[in-house]
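For the numbers below, each heavy atom of this structure counts, side chains included, while hydrogens, waters and symmetry mates do not. What you are looking at is a predicted structure, and each value in this text was computed from that prediction instead of being measured. A note on names: the letters A, B, ... follow the listed sequences, proteins ahead of strands, and every chain is numbered from 1.
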Amino acid sequence: MLDKIGIAKRIAREVKDGYYVNLGIGIPTLVANYVREDIEVEFQSENGVLGMGPFPIDGDEDADIINAGKQTITTLPGASFFDSAMSFAMIRGQHVDLTILGAMEVAENGDIANWKIPGRMVKGMGGAMDLVASAENIIVAMMHTNKKGESKLLKQCSLPLTGVGCVKKVVTNLAVMEITEKGFKLLERAPGVSVEDIKNATEGHLIVEGDIPEMVI
Amino acid sequence: MINKRVKDVKEALKGVTDNMTFMLGGFGLSGIPENAIAELVALNVKGVTCISNNAGVDDFGLGLLLQKHQIKKMISSYVGENDEFERQMLSGELDVELIPQGTLAERCRAAQSGFPAFYTPAGYGTEVAEGKETRDFNGKMYVLEKAFDADFSFVKAWKGDAAGNLVFKGTARNFNPNMCGAAKITVAEVEELVPVGSLDANQIHIPGIFVQRIFQGEVYEKRIEQRTVRQRG
């Protein structure tokens with residue numbers, strides 16, 4: 001089974017040379033730490049920066065340079081700043097190659113819910129609805145089950161949706177799955193996890209064809 | 001040169017009254033019009049609708065207006081950092097409309113650019129699209145979203161001149177340029193008001209035509225919401 005860092009490391013392998021990537025808050029943010037160093041990738045943050053670098057050295061932080069999580073950041077050579085409409089033109093116009101975000105639930109048809117739990121304080125969707133409705137390549141980083149052990153990979157989402165039929169791939173602590181017309185197609189198992197374990201943790205339709213290899217992290 | 005300069009924030013906010021709709025620039029606390037907000041608190045206008053990506057924190061940004069119960073309605077994409085906001089929302093005192101961030105930006109830009117409405121894929125199939133017109137273009141579904149209609153835009157830039165030309169810095173730019181010229185009156189506050197002619201015309205982000213009033217803010221706290229750093233070496 002993978003921990004959050006393991007999930008981030010596995011997703012980092014999906015990041016290809018020349019990609020512009022938008023990372024959501026949580027596990028997705030960690031992905032930046034594990035991208036291969038011999039490829040060129042630029043990270044976009046929807047508040048208006050392309051070419052994000054690491055956090056600033058203590059004392060160099062600037063209130064005018066933050067990411068979408070409102071954290072102080074730096075920029076790398078070749079970076080640019082832009083307004084919010086242009087930022088979402090990059091996203092909506094499919095100029096960003098890969099979007100990685102977290103989810104509370106994903107359904108076997110690619111629906112995603114990640115912004116609202118009825119009865120609890122609703123903070124808002126931020127840019128998530130724009131991102132999922134627009135991106136061609138969306139990978140969801142999530143735990144396979146909730147704290148009660150219930151599956152978060154469902155036949156149908158029970159929570160209010162963020163987007164419909166948009167998720168292409170899911171990487172969890174147990175497995176890598178592709179979303180196909182017929183459901184979750186199992187591609188890889190996490191180290192030490194059996195196909196049976198994954199079946200038991202997946203409420204939605206899981207397609208298992210042939211031998212399922214163990215993930216290479 | 002058409003002079004947009006006003007002498008101070010008081011003159012800049014002339015005409016602001018109860019029950020108006022305001023656009024306010026900023027993402028989190030970055031690039032918010034601090035001086036205009038302070039003056040809105042001082043004027044104690046009530047029943048206002050605020051279009052702003054976020055709602056500030058308890059003791060800064062739009063949180064200052066919330067403390068004094070001046071806001072009737074917030075139109076935002078994310079409001080997670082404000083306890084007083086949560087209290088007023090749950091008690092029903094505050095009306096909240098949450099909309100996707102890109103839709104928020106584009107509804108500003110549409111108002112700025114003379115588009116009454118536009119189609120976006122964001123929110124299709126979700127509660128955001130409820131009651132809205134939807135349409136298929138090339139096999140994909142889109143939601144019709146309308147331009148905002150606001151009385152004042154309050155924006156903050158790094159530098160500006162008396163002609164109303166603006167230059168922004170870093171990610172403090174965010175929604176500010178999209179809100180310029182998107183309301184009946186745009187009030188720009190700047191950290192530094194520079195002599196006309198000293199800004200390079202090639203480097204201006206927002207031409208003065210979109211700005212009706214400009215002034216240099218007295219002070220800027222520029223508070224950091226999430227200070228994240230690494231150690232040297």
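At a heavy-atom separation below 4.5 angstrom, chain B is approached by no residue within residues 30-43 of chain A. Residues of residues 140-147 of chain B that come closer than 4.5 Å to chain A, counting heavy atoms only, are B:K140, ordered by residue number. Residues of residues 202-220 of chain B having a heavy atom under 4.5 Å from any heavy atom of chain A: none.
Per-residue counts of heavy-atom pairs under 4.5 Å with chain A were compared for B:S76, B:S30, B:C108, B:G28; the largest is that of B:S30. Interface summary for chain A: among B:R223, B:M89, B:R227, the most heavy-atom pairs under 4.5 angstrom belong to B:R227.
Side-chain atoms of B:T126 do not come within 3.5 Å of backbone N or O of A:G163 as any donor-acceptor pair. Remark: side-chain polar atoms of B:Q226 are not paired, donor with acceptor, to backbone N or O of A:Q71 under 3.5 angstrom. For B:T171 (side chain) and A:G48 (main-chain N/O), no donor-acceptor pair under 3.5 Å exists by modelled atom type. Of the possible donor and acceptor atoms, one in the side chain of A:D130 sits under 3.5 Å from a partner among the backbone N and O of B:G102.
For B:Q112, no part sits under 4.5 Å from any heavy atom of chain A, backbone or side chain. Residue B:L29: no heavy atom, backbone or side chain, is found under 4.5 Å from chain A. Contacts of B:F168 with chain A are absent, with no heavy-atom separation under 4.5 Å from either backbone or side chain.
Here the shortest heavy-atom pairing between A:N67 and B:F27 reads O-CE2, 3.8 Å. For the residue pair A:A85 and B:E106, the shortest heavy atom distance occurs at CB-OE1, 3.9 Å. Smallest separation of non-hydrogen atoms from B:L98 and A:W115: CD1-CZ3, 4.2 Å. Across all non-hydrogen atoms, the minimal contact from A:D83 to B:R173 is N-CD, 3.7 Å.
A salt bridge between A:D62 and B:K169 is present, with a side-chain N of the basic residue lying under 4.0 Å from a carboxylate O of the acidic one.
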*asked:* Let's go through A:I57 and B:Q231 carefully: what are the C-alpha distance in whole Å and the side-chain angles of both, what is the deciding distance for side chain to side chain contact (heavy atoms under 4.5 Å, CB included) to 0.1 Å, and is it a yes or a no?
replied: CA-CA 6 Å; A:I57 298 282; B:Q231 298 310 313; over 6 Å; no
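For B:F152, the ring-ring contact (aromatic ring centres under 6.0 Å, His included) partners are B:F154, not counting sequence neighbours.
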